[in-house]
Amino acid sequence: MQVDGIAYRTIWPAADGRAVEIIDQTKLPHRFETVRLETVDAAAHAIRAMLVRGAPLIGATAAYGLWLALRSDPSDVGLDAAAEKLVATRPTAINLRWAVDAVVQEVRPRDTGARAEAAFAKAGAISDEDVAINRAIGEHGLELFKRAYAEKGGQGPLNVLTHCNAGWLATVDWGTALAPIYMAHDAGIPVHVWVDETRPRNQGAALTSWELGRHGVPHKVIVDNTGGLLMQRGLVDLCITGTDRTSANGDVCNKIGTYLKALAAQDNGVPFYVALPGPTIDWTLDDGTRIPIEERDRREVTHLTGQTDDGRIETVRVTPPDAEAANYGFDVTPARLVTGLITERGVAAASHAGLAGLYPERACTA
Ligand code: MRU
């Protein structure tokens with residue numbers, strides 16, 4: 001996507017060949033800064049501290065992290081230690097383990113002298129594949145958006161509600177849930193997006209709003225509890241979110257609060273779609289009950305960071321100093337609340353049969 005006239009992906013090899021570069025998403029929307037990652041520790045830190053975030057992007061970052069590790073220690077021990085370090089950074093998104101496993105499988109059979117180069121090539125291929133997957137999700141989603149707009153009689157804006165950030169910043173490019181929104185907007189459908197702020201880290205208010213604004217997509221940021229009211233009033237035509245891990249039966253794990261939106265959507269007859277790249281399906285889990293839910297630092301709940309009117313970035317506490325807090329990062333939306341899964345291979349019912357129909361080669365080996 002374009003930032004100030006320059007086309008960016010969210011991760012790319014540095015021109016000098018000695019690092020990988022990322023956009024520091026903790027600084028957005030206030031500052032656009034890029035950061036060089038030169039070691040596996042720097043890559044692990046970038047994932048854990050959420051300089052990069054979003055399921056597909058943390059997978060791509062981990063893949064490049066293995067390249068960085070193998071440059072200094074290409075031994076089996078070095079490979080296993082780096083893989084373990086990267087997988088331990090965040091527990092919920094399955095793309096992280098998927099990407100690490102893909103690189104490890106690629107490099108382990110090779111001589112140690114050839115491993116770093118093979119890891120670099122595989123990380124690039126994973127990144128390119130992510131872009132192609134997201135473009136295809138966008139195209140399939142666009143057909144749904146066209147139908148939804150036609151069903152409205154082509155009248156007024158198509159009101160779409162989204163949660164968290166599943167845009168290009170969460171992937172290598174395009175985004176998952178936002179890809180159909182960008183394509184619909186570019187195709188002339190008057191899309192208007194309700195952007196859940198997505199406490200505690202405000203990925204909606206900070207990142208989705210920034211992305212949509214740069215692309216010229218009309219949107220409004222709303223506090224997380226607004227969706228129910230909007231749906232009762234007929235102000236939401238469809239919901240669309242991303243996912244960090246979807247089990248084989250179509251249960252969808254995504255940013256905390258997604259489940260409550262899906263419940264409100266069901267109660268109000270609003271379609272609830274999830275954009276799902278193939279690598280985000282966990283075929284080893286029959287349902288979503290065993291998906292590990294990340295619990296992060298409680299300070300993300302008790303404090304807020306923002307920019308003052310005179311341009312300073314400040315963090316302030318919003319609770320009493322002694323308040324206890326809990327910070328669950330994700331929740332699981334049962335498949336029965338999901339209208340459809342928009343994948344790179346087409347739209348599937350949120351069920352084992354629906355997913356197996358699109359991915360027969362993976363479903364039968366699971
Ligand atoms: O904690 P985050 O910001 O990494 O959470 C991101 C999400 O929940 C996204 O919706 C999900 O990763 C899908 S992104 C294509």
Side-chain angles (χ1 to χ4, degrees), residues 1 9-11 22-26 28 46-62 89-99 127 129-131 133-138 141 161-182 195-211 224 239-246 252-259 261-262 272-282 288 291-297 300-301 327-333 338 341-344:
M1 288 281 171
R9 284 183 171 188
T10 52
I11 187 162
I22 57 165
I23 298 163
D24 181 353
Q25 300 191 23
T26 64
L28 289 171
I47 297 170
R48 194 179 304 104
M50 295 178 64
L51 281 72
V52 288
R53 25 71 50 202
L57 178 57
I58 60 178
T61 308
T89 51
R90 295 194 73 190
T92 300
I94 191 68
N95 308 60
L96 184 57
R97 177 173 285 283
W98 171 84
S127 301
E129 185 189 9
D130 181 59
V131 179
I133 285 174
N134 299 330
R135 186 180 295 115
I137 287 173
L161 183 140
T162 193
H163 192 69
C164 194
N165 172 262
W168 70 271
L169 289 169
T171 63
V172 178
D173 204 354
W174 278 108
T176 58
L178 295 198
I181 291 175
Y182 288 131
V195 178
D196 284 349
E197 63 174 345
T198 318
R199 276 282 282 150
R201 291 188 65 104
N202 288 318
Q203 289 96 327
L207 304 177
T208 300
S209 177
W210 183 81
E211 276 196 29
D224 285 327
C239 302
I240 186 166
T241 72
T243 168
D244 290 80
R245 192 185 301 216
T246 290
V252 167
C253 184
N254 191 50
K255 181 54 56 193
I256 192 82
T258 303
Y259 172 42
K261 296 303 162 333
F272 190 93
Y273 290 104
V274 174
L276 169 67
T280 309
I281 305 167
D282 187 343
I291 296 175
I293 302 295
E294 179 176 17
E295 289 181 55
R296 295 186 61 84
D297 192 334
E300 292 180 351
V301 176
N327 188 7
Y328 296 94
F330 298 90
D331 60 24
V332 178
T333 298
V338 178
L341 299 167
I342 308 171
T343 79
E344 70 277 15

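Order of appearance sets the numbers: ligands from 1, and atoms from 1 within every ligand.
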Looking at [X] and [Y], would you say the former's side chain and the latter's main chain have a donor-acceptor pair under 3.5 Å?
{"X": "T162", "Y": "T241", "value": "no"}
{"X": "K261", "Y": "C239", "value": "no"}
{"X": "N327", "Y": "D297", "value": "yes"}
{"X": "T280", "Y": "L276", "value": "no"}
{"X": "T243", "Y": "C253", "value": "yes"}

Notebook entry, point to check: With a 4.0 Å cut-off on heavy atoms, is M50 touching ligand 1?
Noted result: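 True for this residue.
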Item checked: A93 near ligand 1 by a heavy-atom separation under 4.0 Å ->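 A93 does not count as a contact of ligand 1 under the 4.0 Å cut-off.
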Check: Between R245 and D282, is the closest basic N to carboxylate O distance under 4.0 Å?
Finding: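 Looking at R245 together with D282, the answer is yes, because their closest N to O distance falls below 4.0 Å.
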Note to self: Do the side chains of R296 and E294 get close enough for a salt bridge, i.e. N-O under 4.0 angstrom?
What the structure shows: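 Salt bridge present between R296 and E294.
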Any idea which atoms of ligand 1 are less than 4.0 Å away from a heavy-atom of [X]?
{"X": "T176", "result": "15 (C)"}
{"X": "F330", "result": "1 (O), 5 (O), 8 (O)"}
{"X": "T171", "result": "15 (C)"}
{"X": "A55", "result": "12 (O)"}
{"X": "Q203", "result": "1 (O), 2 (P), 3 (O)"}
{"X": "N165", "result": "9 (C)"}

Next item on the list: Please assess K255 against R201 for the test side chain to side chain contact (heavy atoms under 4.5 Å, CB included), listing each intermediate value before the final yes or no.
Entry: CA-CA 10 Å; K255 181 54 56 193; R201 291 188 65 104; over 6 Å; no
Checklist line | Part of I58 within contact of ligand 1 (heavy atoms, under 4.0 Å) | finding: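 For I58, no heavy atom sits under 4.0 Å from ligand 1.
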Next item on the list: Just let me know how A177 lines up against ligand 1, side chain, backbone, both or neither, with a heavy-atom cut-off below 4.0 Å.
Entry: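 It is neither part, as no heavy atom is under 4.0 Å.
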Item checked: Heavy-atom proximity to atom 1 (O) of ligand 1, best of R201, Q25, R53, K255 ->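 The residue whose heavy atom sits nearest atom 1 (O) of ligand 1 is K255.
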Check: Relative to atom 14 (S) of ligand 1, which among G59, A170, C164 owns the nearest non-hydrogen atom?
Finding: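 The nearest heavy atom belongs to A170.
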Using distance alone, decide if ligand 1 has a nitrogen or oxygen within less than 3.5 Å of any nitrogen or oxygen in [X].
{"X": "R90", "result": "yes"}
{"X": "G54", "result": "yes"}
{"X": "N254", "result": "yes"}

Check: If you take all heavy atoms of P277 and I137, which pair is closest and at what distance?
Finding: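 Looks like N-CD1, 3.7 Å.
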Checklist line | Nearest-neighbour protein heavy atom for atom 7 (C) of ligand 1, which is reported as residue plus atom name and distance | finding: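 Going by distance alone, atom 7 (C) of ligand 1 is nearest to D244 OD1, 3.3 Å.
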Check: From N202 CG over to S209 OG, what is the distance, rounded to the nearest 0.5 angstrom?
Finding: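 Going from CG on N202 over to OG on S209, the span is 11.0 Å.
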